[in-house]
Amino acid sequence: MQPKRYIVWSKQDLDLDDRFQREWYIQQVLTHGRAEDVSAFPWIEIKDLLPTLQLPEDVKSLWKHYFYDER
């Protein structure tokens, strides 16, 4: 997969079958992506990974609120 330049500017290709690269890319998408980029991933996967993703606090808080209704 070729990442979109506005999300990932440091790599030409990604192997989303590789767990590390996939999690890293999801972090980048949630931080820098657009709605259509986020919707490309199964939301259950985002929910399952959320506790371990390294996200800015405001981004993580938004997703926690969405999935768990945490305030």
Practice prompt. Examine Trp63 together with Phe67 and report whether their ring centres are nearer than 6.0 Å.
Written response: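 Centroid distance Trp63-Phe67: below 6.0 Å, so yes.
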Discussion item. Can a donor-acceptor pair be found, under 3.5 Å and without considering hydrogens, that links the side chain of Lys64 to the backbone of Asp69?
Written reply: no
Item to complete: With sequence neighbours excluded, tell me which residues meet side chain to side chain contact (heavy atoms under 4.5 Å, CB included) with Pro42.
Response: Arg22, Ile44, Glu45
Find the distance between [atom1] ([X]) and [atom2] ([Y]) and round it off to the nearest 0.5 Å.
X     : Y     : atom1 : atom2 : value
Thr52 : Gln54 : OG1   : CD    : 8.0 Å
Ile7  : Gln28 : CD1   : CD    : 8.5 Å
Asp18 : Trp24 : CG    : CH2   : 12.0 Å

Worksheet item: Quick one: does Lys47's side chain get under 4.5 Å of Tyr68's, heavy atoms only?
Response: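 Yes, their side chains come closer than 4.5 Å.
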Sequence neighbours left out, cut at 3.5 Å: what donor-acceptor pairs do the side chains of residues 29-40 make with other protein atoms?
unit_1, atom_1, unit_2, atom_2, d
Thr31, OG1, Gln27, O, 2.8
Asp37, OD1, Lys4, NZ, 2.8
Asp37, OD1, Tyr6, OH, 3.1
Asp37, OD2, Tyr6, OH, 2.8
Asp37, OD2, Arg34, N, 2.7
Ser39, OG, Ala35, O, 3.3
Ser39, OG, Glu36, O, 3.1

Practice prompt. Among Leu50, Leu53, Leu55, find the one that has a side-chain contact (heavy atoms from CB on, under 4.5 Å) with Ile26.
Written response: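 Between Ile26 and the candidates, side-chain contact (heavy atoms from CB on, under 4.5 Å) is satisfied uniquely by Leu53.
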